[in-house]
Amino acid sequence: MKLTFYFALLLLNFQSFDRVLTSSDSEFYLLKNDLIEVRNFQNEVLEKISFDSQSKDMIDFDNVNDYNFFIDKENKFYIVQKSGGLVFKSVNNKIKRIDKSYDHDMTNFSDVFIKNDTIFKFGGYGYWGARNFFTFFCKKTLEWEYYKTNQSIVPNGIFDFNSSLIDNHYYISNGRFVDINNRLNDKIINKEVWKFDFLSKTWINLGTSNIPKYNLFHNTSLGAIITSDYISKSSNSKEFYFVDFKNNNNSIFKNSSNLVFDNNRSFIANDTLYNIENDLLVKIGLYSIINQNNLIEKSPIYLNTASLFQGLTSTGLIILLVLVSLVIFLKYKRNQMPIISELGLRYKGISYSLDNNEKKILSLIINYEEASSKEIYEIIKDEKLSYPQNNKKKKDIIDKINSKIFKILNIKNFILSKKSTEDQRAIVYYTNDAKKFIKSEK
């Protein structure tokens with residue numbers, strides 16, 4: 001009598017569910033009463049899949065969110081438990097258990113997904129800890145195996161999180177992790193967005209995010225996912241969110257259709273949104289609602305710290321390159337200016353000879369605003385010559401310097417003379433072109 005009661009209760013549980021489980025490019029799987037109906041997109045029943053006695057006893061559809069549902073390349077239907085290792089498969093229109101694992105309850109709230117016809121599981125909570133590694137279901141051994149990655153940096157052990165698989169990239173966000181210092185605290189909210197690259201088998205921390213947890217329908221070829229959790233919270237069926245990890249966009253769109261997005265009764269296939277209600281299937285193309293005309297708001301999902309750092313690094317390198325280039329340019333320009341050297345006058349890498357007196361007089365004129373006649377006289381003075389002879393010698397050397405400067409720099413009358421403002425009887429010498437020379441240390 002007791003066994004009959006539990007069997008009747010189980011049947012009621014099966015009959016109480018009526019929801020879409022998964023879909024392929026040509027059909028969808030609908031849990032209806034105690035059967036799974038395979039229907040095409042004309043809503044015609046193609047086949048019915050029942051449960052054998054073992055699977056019926058083990059699958060708890062009261063907690064349907066503890067399972068993920070997949071169709072492989074051979075068109076076989078799978079039911080995979082999230083909290084444990086149970087795997088069920090359709091064989092001859094019967095759901096049968098195929099795994100050699102057990103209901104270990106170590107991966108509660110994990111994420112189960114299929115890639116390249118392989119079933120993967122990531123994360124999950126169990127016994128005061130959370131996982132941060134992948135396992136995959138091996139179809140040969142019928143057991144869960146550890147998936148080896150090239151680990152340099154990895155996310156914290158995580159559970160009850162969002163995910164999206166786009167091409168070879170697996171994104172995770174939100175969720176919770178366990179405080180390693182107090183493992184009774186499992187309510188620490190994850191603020192980071194991570195991406196796993198299946199080609200390089202490495203993780204990348206994309207940055208931080210404040211988007212809330214959401215429920216998803218399906219990954220689409222648009223490179224994004226559609227959510228419904230926001231809609232139920234806002235009670236606004238005329239808006240929905242399109243979360244696009246690939247392009248880092250979180251967009252709010254106006255629902256221009258009459259469809260109500262519901263995880264239990266909606267699915268996406270071939271860029272078309274389908275909704276089943278009262279056993280009727282209606283559809284609308286995603287492009288007709290995901291477009292600029294319906295866009296209400298767009299914002300980034302995460303602050304891309306990697307790109308920001310890369311941008312700052314690139315900016316810093318550009319600034320450094322500009323500064324180095326500027327220094328090199330200024331040094332080049334300086335080297336192109338005339339300067340008095342040991343050999344004489346160097347200009348644009350070429351040295352022109354000056355005798356010792358010429359160098360001293362030219363240096364005096366360049367480095368000082370004015371040079372007195374007496375100062376120049378002391379430079380050229382020859383004790384063997386008389387005063388008038390030395391004066392003539394001074395004038396000849398100044399004329400000679402002016403002649404050389406004109407030939408080298410094309411500057412006429414480089415050294416000029418005038419009466420001193422302090423003593424009208426005295427003559428001072430100067431130039432208006434000193435800035436064209438590199439001055440030596442005074």
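In what follows, every heavy atom counts, from backbone to side chain, and hydrogens, waters and symmetry copies are set aside.
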Side-chain donor/acceptor of N294 to backbone N/O of I289, under 3.5 Å: yes
When you compare the side chains of N75 and E27, does any donor N or O come within less than 3.5 Å of an acceptor on the partner? yes
With a cut-off of 6.0 Å (strictly less than), are more than 12 heavy atoms of other residues, nucleotides or ligands near CD of E44? yes
One should read off an interatomic distance between I71 CD1 and S23 OG, to the nearest 0.5 angstrom, of 6.5 Å
Have N168 and K115 got a donor and an acceptor in their side chains that come within less than 3.5 Å? yes
Roughly how far, to the nearest 0.5 Å, is the CD1 atom of I98 from the OG atom of S90? 9.5 Å
Spatial distance of atom CZ (F70) from atom CZ (F77) [nearest 0.5 Å]: 10.0 Å
Walk me through it: do F133 and Y146 pass the test ring pair (Phe, Tyr, Trp, His ring centres under 6.0 Å)? CA-CA 8 Å; F133 56 88; Y146 174 75; 5.8 Å; yes
So does H169 get a backbone contact from the side chain of D167, meaning a donor-acceptor N/O pair under 3.5 Å? no
Using every non-hydrogen atom in the two residues, find where N250 and Y241 come nearest and quote the distance to one decimal. OD1-CD2, 3.6 Å
Would you say P155 and F161 make side-chain contact, with heavy atoms under 4.5 Å? no
Heavy atoms of Q81 and V112 approach each other most closely as O-CG2, 4.3 Å
Restricting to non-hydrogen atoms, name the atom on V154 and the atom on N132 that form the minimum distance, rounded to 0.1 Å. CG2-ND2, 3.5 Å
Is the distance from the ring center of Y147 to that of F120 below 6.0 Å? yes
Taking all non-hydrogen atoms of both residues into account, name the closest pair between F177 and I189 and its distance. CE2-O, 3.9 Å
Kindly determine whether K404 and E358 satisfy side-chain contact (heavy atoms from CB on, under 4.5 Å), including the steps that lead there. CA-CA 10 Å; K404 289 184 178 180; E358 290 172 343; 3.0 Å; yes
I'd like to know whether NZ of K48 has more than 12 heavy-atom contacts from other residues, nucleotides or ligands below 6.0 angstrom. no
Check whether N291 reaches the backbone of S288 with its side chain - one donor and one acceptor, N or O, closer than 3.5 Å. yes
Is the backbone of K191 close enough, under 3.5 Å, to the side chain of T208 for a donor and an acceptor to pair up by distance? no
For the pair L362 and F414, evaluate side-chain contact (heavy atoms from CB on, under 4.5 Å) and give the outcome as yes or no after the intermediate values. CA-CA 10 Å; L362 188 57; F414 178 77; 3.5 Å; yes
Is there a donor-acceptor pair closer than 3.5 Å between any side-chain N or O of N156 and the backbone N or O of I158? no
Got a donor-acceptor contact below 3.5 angstrom from the K121 side chain to the K82 backbone? yes
If you count every heavy atom of other residues, nucleotides or ligands that lies below 6.0 Å from L295 atom CG, does the total exceed 12? yes
Between D99 and R97, does any side-chain N to carboxylate O distance fall below 4.0 Å? yes
Is there a side-chain contact between D186 and R176 in this structure, where contact means two heavy atoms from C-beta onward sitting under 4.5 Å apart? yes
Is there side-chain contact between E143 and S101, with heavy atoms separated by less than 4.5 Å? no
dist N275:CG -> F267:CZ (nearest 0.5 Å) comes out at 9.0 Å
Are the side chains of S83 and D103 in touch, meaning some heavy atoms are under 4.5 Å apart? yes
Given side-chain contact (heavy atoms from CB on, under 4.5 Å), test V178 with Y125 step by step and report yes or no. CA-CA 9 Å; V178 178; Y125 172 85; 3.7 Å; yes
Do you know which of F196, F245, F113 makes ring pair (Phe, Tyr, Trp, His ring centres under 6.0 Å) with Y170? F113
Is any side-chain heavy atom of I36 closer than 4.5 Å to one of F69? no
CD/Q42: more than 12 non-hydrogen atoms of other groups inside 6.0 Å: yes
Closest non-hydrogen atoms of I340 and K359, given as atom of the first, atom of the second and distance, are CD1-O, 4.0 Å
Is the shortest side-chain N to carboxylate O distance from D279 to R39 below 4.0 Å? yes
Can you label the angle between the F41 ring and the F28 ring as parallel, tilted or perpendicular, going by 30° and 60°? parallel
Using the side-chain contact (heavy atoms from CB on, under 4.5 Å) rule, take F137 and V80 through it: C-alpha gap first, then chi angles, then the decisive distance, then the call. CA-CA 10 Å; F137 184 71; V80 183; over 6 Å; no
Would the distance check show the side chain of R183 and the main-chain N or O of W128 forming a donor-acceptor pair, the cut-off being under 3.5 Å? yes
Within a strict 4.5 Å, meaning less than it, do heavy atoms of the Y429 and I361 side chains meet? no
Do NZ/NE/NH1/NH2 and the carboxylate oxygens of K96 and D52 come within less than 4.0 Å? no
State the NZ-CD1 distance between K195 and I166, to the nearest 0.5 angstrom. 10.0 Å
Side chain to side chain donor-acceptor pair (under 3.5 Å) between N185 and N182, intermediate numbers included: CA-CA 6 Å; N185 181 10; N182 177 15; 6.0 Å; no
Can any side-chain N or O of D72 pair as donor or acceptor with the backbone N or O of E74 at less than 3.5 Å? yes
For S55 and I95, indicate whether the former's side chain and the latter's backbone hold a donor-acceptor pair under 3.5 Å. yes
Just checking W203 against F134, ring centres under 6.0 Å apart? yes
With Y171, the side chain to side chain contact (heavy atoms under 4.5 Å, CB included) member among L206, V243, I204, L165: L206
Below 4.5 Å, heavy atoms only, C-beta onward: do D34 and F51 meet side chain to side chain? no
For the atom pair CD1 (I405) and CG (L345), what is the distance rounded to the nearest 0.5 Å? 5.0 Å
Show the nearest heavy-atom pair for residues T149 and K201, with the distance to one decimal. CB-O, 3.6 Å
Take a 6.0 Å sphere around NZ of K283 and say whether it holds more than 12 heavy atoms from other residues, nucleotides or ligands. no
